[in-house]
Amino acid sequence: MKISKVEERWKVLTENVQLGILIVDKDGVVVFANNKIKELFDIQNNSKNNRKLIELIPDYEIDDLYKKTLESKTYNKTSLNFWGKEKKYLEVEAFYLSGNQEVLLIINDYTPLHRMEENFKEFLGNASHELRTPLTSIQILIDLFSEKKITLDEIYNEFFPHLRKEVERMSKLVSNLLNLSRLEAGVIDLQLKEVNLTEIVMEVIDRLTPHISKKNLEVNLKIPEKLVINADPQHLDTIVFNIVENAVKYTPQGGLIEIGVNENEDNVILWIRDTGIGIPEKDLNRIFDRFYRVSKSRTNEDGFSTGLGLSIVKKLIERHGWTIRVESKVNKGTKFEIIIPKRKEGIENG
């Protein structure tokens with residue numbers, strides 16, 4: 001049967017828009033549901049047709065909104081929390097279609113925005129505390145010194161190591177915030193050149209050696225002596241450092257960290273694997289979100305995580321045109337893979 005232009009336009013619109021669209025008849029039977037609805041409510045494609053709204057989407061608030069609109073024949077709107085495999089924050093609008101006595105439901109998923117707001121609120125609380133702690137320490141020392149209740153030698157011997165550590169954490173937090181804001185504003189340009197990936201990895205390991213030794217970690221390298229790729233050297237260092245640093249932080253005493261390279265015809269794949277505490281499956285698709293931390297207990301060895309490092313890593317990887325994958329099992333470990341497409345001028349083994 002030939003599809004009219006109007007029907008074709010309707011199909012293209014409804015199947016590509018990022019809104020859930022439902023049409024429900026006067027008997028409560030769903031006569032149309034687009035792909036976004038199926039995605040939002042985990043509805044299988046082979047699900048039987050002519051199902052009641054309450055059967056297809058088991059939520060009484062949505063069902064009540066449909067009934068209210070059908071009865072009043074007016075526009076209605078509500079916001080609700082839907083509990084499926086995970087909590088979703090939804091806004092539902094209902095329009096009465098007088099021609100066929102049907103109700104059009106448009107569902108907007110605000111879950112990502114709510115998550116970001118929640119993560120940001122938690123981050124602000126943590127960041128405020130982290131910034132206040134070293135500033136308070138500095139203020140106390142200044143007051144004591146100005147009142148001649150403490151000498152420079154006492155400051156240096158007793159307070160300086162702790163104060164330096166606090167200031168370094170504050171500096172890292174501010175630096176991460178600035179880097180992320182510049183990345184999102186698109187003001188960071190890549191200075192691409194031929195870079196020895198092996199050299200970058202070795203330099204990162206060297207900088208982290210004090211922490212690696214402190215935890216008695218074993219580090220195995222499975223990389224060639226020379227592997228040249230096309231990249232921004234500074235940002236490549238940031239990428240590798242953040243991932244390896246996380247492996248060091250979250251791998252228990254005496255654990256193992258492996259760093260290796262696989263190659264195929266199209267790509268170079270840099271991988272970093274650890275025997276750390278792992279990441280729950282439900283969190284894997286969110287670890288690159290801004291300000292997101294897997295759990296309050298999964299903080300770093302200093303007791304604080306900004307939730308910005310992996311977000312910066314992903315954005316830098318995407319700016320290069322690369323991709324990143326992660327797989328993890330709780331109490332087994334985590335593996336990150338960075339897939340780097342080969343370019344004629346960018347790959348050279350030695």
Side-chain angles (χ1 to χ4, degrees), residues 130 165 167-183 188 190-215 217-223 226-251 255-261 268-277 279 287-288 290-294 298-302 304-320 322-326 328 333-340:
E130 288 297 310
K165 186 177 180 180
V167 171
E168 284 175 352
R169 288 204 300 176
M170 181 171 65
S171 177
K172 183 177 180 180
L173 172 61
V174 173
S175 177
N176 279 344
L177 280 171
L178 289 173
N179 287 336
L180 185 59
S181 64
R182 291 177 67 201
L183 274 168
I188 290 184
L190 296 182
Q191 304 297 323
L192 296 177
K193 59 179 68 176
E194 289 189 349
V195 183
N196 187 350
L197 178 59
T198 302
E199 192 175 285
I200 295 287
V201 171
M202 297 302 294
E203 288 174 356
V204 166
I205 294 298
D206 187 58
R207 298 208 304 275
L208 290 170
T209 293
H211 302 285
I212 293 169
S213 300
K214 184 179 178 181
K215 298 180 75 173
L217 300 175
E218 180 183 352
V219 178
N220 289 341
L221 300 180
K222 301 178 179 181
I223 54 179
K226 183 179 181 183
L227 179 60
V228 177
I229 64 172
N230 201 46
D232 182 302
Q234 180 180 346
H235 296 323
L236 177 60
D237 180 89
T238 299
I239 291 166
V240 176
F241 184 87
N242 270 282
I243 297 176
V244 178
E245 184 187 37
N246 275 348
V248 173
K249 286 176 181 176
Y250 301 123
T251 299
L256 172 67
I257 296 172
E258 294 182 297
I259 304 173
V261 168
V268 168
I269 302 170
L270 172 67
W271 52 268
I272 297 101
R273 180 167 53 210
D274 64 57
T275 57
I277 60 177
I279 304 166
I287 61 171
F288 298 108
R290 287 172 294 174
F291 314 115
Y292 185 70
R293 294 185 300 152
V294 171
R298 194 184 187 273
T299 53
N300 65 34
E301 58 192 8
D302 295 324
F304 177 69
S305 171
T306 64
L308 294 174
L310 287 179
S311 181
I312 291 171
V313 163
K314 187 175 183 183
K315 289 187 179 299
L316 286 174
I317 285 173
E318 289 174 345
R319 285 294 300 275
H320 277 83
W322 307 342
T323 54
I324 185 168
R325 296 191 300 231
V326 59
S328 186
T334 302
K335 180 180 180 182
F336 284 90
E337 289 184 333
I338 302 170
I339 297 88
I340 305 169

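Fair warning: this is a prediction, and the values are worked out from it, not measured in the lab.
Closest approach of G333 and S328 over heavy atoms only: O-OG, 3.1 Å. Contact between H320 and L192 at its shortest, heavy atoms only, is CD2-CD2, 3.9 Å.
Residues T334 and Y250 form no side-chain contact, since every pair of their non-hydrogen atoms from C-beta on lies 4.5 Å or further apart. Counting heavy atoms from C-beta on, the side chains of I317 and I338 come closer than 4.5 Å. Between F241 and V313 the shortest side-chain heavy-atom distance does not fall below 4.5 Å.
No donor-acceptor distance shorter than 3.5 angstrom exists from the side chain of K214 to the backbone of T209, with no hydrogens or angles considered.
A distance of 4.0 Å separates CZ in F288 from CD1 in I324, rounded to the nearest 0.5 Å. Between atom CD of residue Q191 and atom NZ of residue K193 there is a gap of 7.5 Å, rounded to the nearest 0.5 Å. If you take NZ on K215 and NZ on K249, they are separated by 10.0 Å, rounding to the nearest 0.5 Å. Separation of atoms CG (L197) and NZ (K226) is listed at 12.5 Å; rounding is to 0.5 Å. Taking CZ from F336 and CG from L310, the interatomic distance works out to 5.0 Å, rounded to the nearest 0.5 Å. A distance of 8.0 Å separates CD1 in I340 from CD1 in I239, rounded to the nearest 0.5 Å.
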Would you check, one step at a time, whether the test side chain to side chain contact (heavy atoms under 4.5 Å, CB included) holds for V228 with V195?
CA-CA 5 Å; V228 177; V195 183; 6.0 Å; no

Stepwise side chain to side chain contact (heavy atoms under 4.5 Å, CB included) check, L270 with I339
CA-CA 7 Å; L270 172 67; I339 297 88; over 6 Å; no

Stepwise side chain to side chain contact (heavy atoms under 4.5 Å, CB included) test for I269 and V261
CA-CA 6 Å; I269 302 170; V261 168; over 6 Å; no

Go through the steps to decide whether I272 and K335 satisfy the test side chain to side chain contact (heavy atoms under 4.5 Å, CB included), and finish with yes or no.
CA-CA 6 Å; I272 297 101; K335 180 180 180 182; over 6 Å; no

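Residues passing the side chain to side chain donor-acceptor pair (under 3.5 Å) test with T251, sequence neighbours excluded: none. Residues forming a side-chain contact (heavy atoms from CB on, under 4.5 Å) with L256 (at least two apart in sequence, or on another chain): E218, N220, E258, T275.
Pairs passing the side chain to side chain donor-acceptor pair (under 3.5 Å) check and including a residue from residues 232-245, sequence neighbours excluded, read K172-E245, R207-D237.
The only option from V244, D274, T198 that meets the side chain to side chain contact (heavy atoms under 4.5 Å, CB included) definition with I259 turns out to be V244.
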